[in-house]
There are 2 protein chains.
Amino acid sequence: MPPTPQSPFRALADPTRRDILKHLATQDMTIAQVAQNFDMTRAAVKKHLTVLNDGGLITVRARGREKINAINKDGFAPIFDWLSYFDQFWDDKLDALKSAIEATEAKKKDRPNDQHDD
Amino acid sequence: MPPTPQSPFRALADPTRRDILKHLATQDMTIAQVAQNFDMTRAAVKKHLTVLNDGGLITVRARGREKINAINKDGFAPIFDWLSYFDQFWDDKLDALKSAIEATEAKKKDRPNDQHDD
DNA sequence: TTTATATGAAACCTTATGGTATCATGTCAA
DNA sequence: TTGACATGATACCATAAGGTTTCATATAAA
């Protein structure tokens with residue numbers, strides 16, 4: 001079944017799903033691994049992962065009987081695109097973000113191999 | 001009653017509310033004015049405006065019997081803050097955004113009164 | 001003051017959402 | 001092959017969400 005495309009905004013609406021993304025940002029994880037971080041059943045976590053996948057915010061690949069969930073940075077593009085519509089109203093916010101980006105890049109220059117592992 | 005603080009992410013989850021924000025970006029509007037742009041009752045639009053207000057994405061001020069709804073750019077800060085957590089994983093996306101910011105700023109310098117219409 | 005207008009609020013309906021429990025299926029390991 | 005394990009899928013439940021209608025209230029205009 002092809003993943004039902006849906007707005008990533010809906011996927012971000014739930015705090016549990018936002019938490020899941022933060023966990024997945026540190027490393028790719030199986031469903032069970034994700035579920036370990038939450039006080040709910042694996043089935044519930046799996047549902048959240050389905051919504052995140054439908055929203056394009058994660059990708060899922062099989063590894064034997066396991067499903068490896070990984071953050072999909074490209075899936076966030078629609079969010080940035082939508083936010084950019086407001087650019088002209090938010091110059092100060094964007095300036096701050098721009099500074100943050102530059103700070104991040106400077107940090108990376110210091111530690112070029114700061115990577116997450118799978 | 002103080003507006004119930006809530007996640008702006010939830011406020012952005014609904015496409016109608018995202019549309020409302022685009023309209024409010026062009027000009028402040030009364031509830032009735034906002035409702036004119038949608039094929040639903042004023043009461044339904046008012047509910048959406050309440051959610052947007054709870055999420056901090058708009059402000060509401062009274063003008064006589066009217067309520068003027070205005071976009072609240074500061075309300076988007078939590079969204080940028082949250083997204084910035086992922087900076088280290090998204091450098092290319094952020095680079096693109098940075099370019100977009102710079103392009104926007106250059107454009108503003110050229111046409112300081114550039115306004116979009118829907 | 002009377003009437004029209006703009007909003008507020010409540011009751012109600014339908015569907016979506018977030019959760020559970022249970023069972024089926026596919027894959028790994030003895 | 002057999003048993004354990006990771007996931008898939010379904011049924012079910014309670015509540016939230018998005019919408020309507022209706023009525024109340026506050027302000028504007030005659």
Side-chain angles (χ1 to χ4, degrees), chain A residues 1-24 27-71 118, chain B residues 1-24 27-72:
Chain A
M1 63 245 91
T4 308
Q6 253 183 314
S7 165
F9 286 104
R10 204 212 122 203
L12 289 185
D14 186 88
T16 298
R17 287 194 289 270
R18 294 197 298 278
D19 275 354
I20 289 175
L21 288 173
K22 284 208 173 189
H23 285 283
L24 289 181
Q27 67 175 127
D28 298 354
M29 290 195 280
T30 66
I31 298 174
Q33 284 175 322
V34 174
Q36 280 182 341
N37 296 287
F38 295 92
D39 187 24
M40 64 182 73
T41 62
R42 178 192 55 76
V45 169
K46 149 76 173 165
K47 280 193 185 181
H48 283 304
L49 289 169
T50 299
V51 175
L52 288 168
N53 189 45
D54 291 349
L57 297 179
I58 65 170
T59 58
V60 186
R61 66 179 185 276
R63 186 177 62 192
R65 61 183 159 181
E66 300 177 324
K67 292 297 173 67
I68 310 297
N69 300 272
I71 213 165
D118 298 358
Chain B
M1 61 250 89
T4 308
Q6 253 181 314
S7 165
F9 286 103
R10 201 211 124 203
L12 289 186
D14 185 87
T16 297
R17 288 195 289 270
R18 293 197 298 276
D19 274 355
I20 289 175
L21 288 173
K22 284 209 170 187
H23 282 99
L24 289 180
Q27 66 175 127
D28 298 355
M29 290 194 279
T30 67
I31 298 174
Q33 284 176 321
V34 174
Q36 280 182 344
N37 296 287
F38 295 92
D39 187 24
M40 65 181 72
T41 63
R42 176 193 54 78
V45 169
K46 149 76 171 166
K47 281 193 185 180
H48 283 304
L49 289 168
T50 298
V51 175
L52 287 168
N53 189 45
D54 291 349
L57 298 180
I58 65 170
T59 58
V60 185
R61 67 179 185 274
R63 185 177 62 192
R65 62 183 158 181
E66 299 176 324
K67 292 299 174 64
I68 311 296
N69 300 273
I71 214 165
N72 178 33

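Here the structure is a predicted model, which means the values were calculated and not measured. All chains are named by letter (A, B, ...) in the order of the sequence lines, taking the proteins before the strands, and each is independently numbered beginning at 1.
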Rounded to whole Å, NZ of K67(A) lies from P of dA6(D) at a distance of 14 Å
Side chains of Q36(A) and M29(A), heavy atoms from C-beta outward: is any pair under 4.5 Å?
no
H23(A) vs F38(A) side-chain heavy atoms within contact, under 4.5 Å: yes
Angle separating the five-pair end axes of the helix from dT1(C)-dA30(D) to dA30(C)-dT1(D), nearest 10°, is 30°
In whole angstroms, the gap separating P of dA17(D) from CZ of F9(B) amounts to 17 Å
_Any non-hydrogen side-chain atom of R17(B) less than 4.5 Å from a side-chain atom of L57(B)?_
no
Intermediate values then yes/no, side chain to side chain contact (heavy atoms under 4.5 Å, CB included), L49(B) and K67(B)
CA-CA 11 Å; L49(B) 289 168; K67(B) 292 299 174 64; over 6 Å; no
Taken to the nearest whole Å, CG/D14(A) to P/dA16(D) is 13 Å
Rounded to whole Å, CD of E66(B) lies from C1' of dG8(C) at a distance of 15 Å
| request: Taking N72(B) for its side chain and G56(B) for its backbone only, find out whether a donor-acceptor pair lies under 3.5 Å. | output: yes
Discussion item. If we ignore hydrogens and angles and just use 3.5 Å, is the side chain of R10(B) paired with the main-chain N or O of A13(A) as donor and acceptor?
Written reply: no
Rounded to whole Å, CZ of R61(A) lies from C1' of dA6(D) at a distance of 16 Å
Assign each of R17(A) and A32(B) the nucleotide of DNA chain C bearing its closest heavy atom; nearer the 5' end lies the nucleotide of A32(B)
CD1 of I20(B) to CD1 of I58(B), rounded to nearest 0.5 Å, is 7.5 Å
To the nearest angstrom, the CD-P distance between Q33(B) and dT5(C) comes to 16 Å
With sugar-phosphate taken as primed atoms, P, OP1 and OP2 and all else as base, the protein-contact string of nucleotides 24-30 of chain D at under 4.0 Å (heavy atoms; B, S, -) is ---BS--
Atom CG of D54(B) and atom P of dG18(D) are separated, to the nearest Å, by 12 Å
Heavy-atom side-chain contact between I68(A) and T30(A) under 4.5 Å: yes
What residues 39-50 of chain A contributes to the DNA chain C interface at heavy-atom separation below 4.0 Å is M40(A), T41(A), A43(A), A44(A), K47(A), H48(A)
Item to check | 4.5 Å side-chain heavy-atom contact, L21(A) and L12(A) | outcome: yes
Rounding to 0.5 Å, atoms CD (Q6(B)) and CG (L52(B)) come to a distance of 11.0 Å
> Under a 4.5 Å cut-off applied to non-hydrogen side-chain atoms, are H48(B) and V34(B) in contact?
Replying inline: no
To the nearest angstrom, the CD1-C1' distance between I68(A) and dA6(D) comes to 11 Å
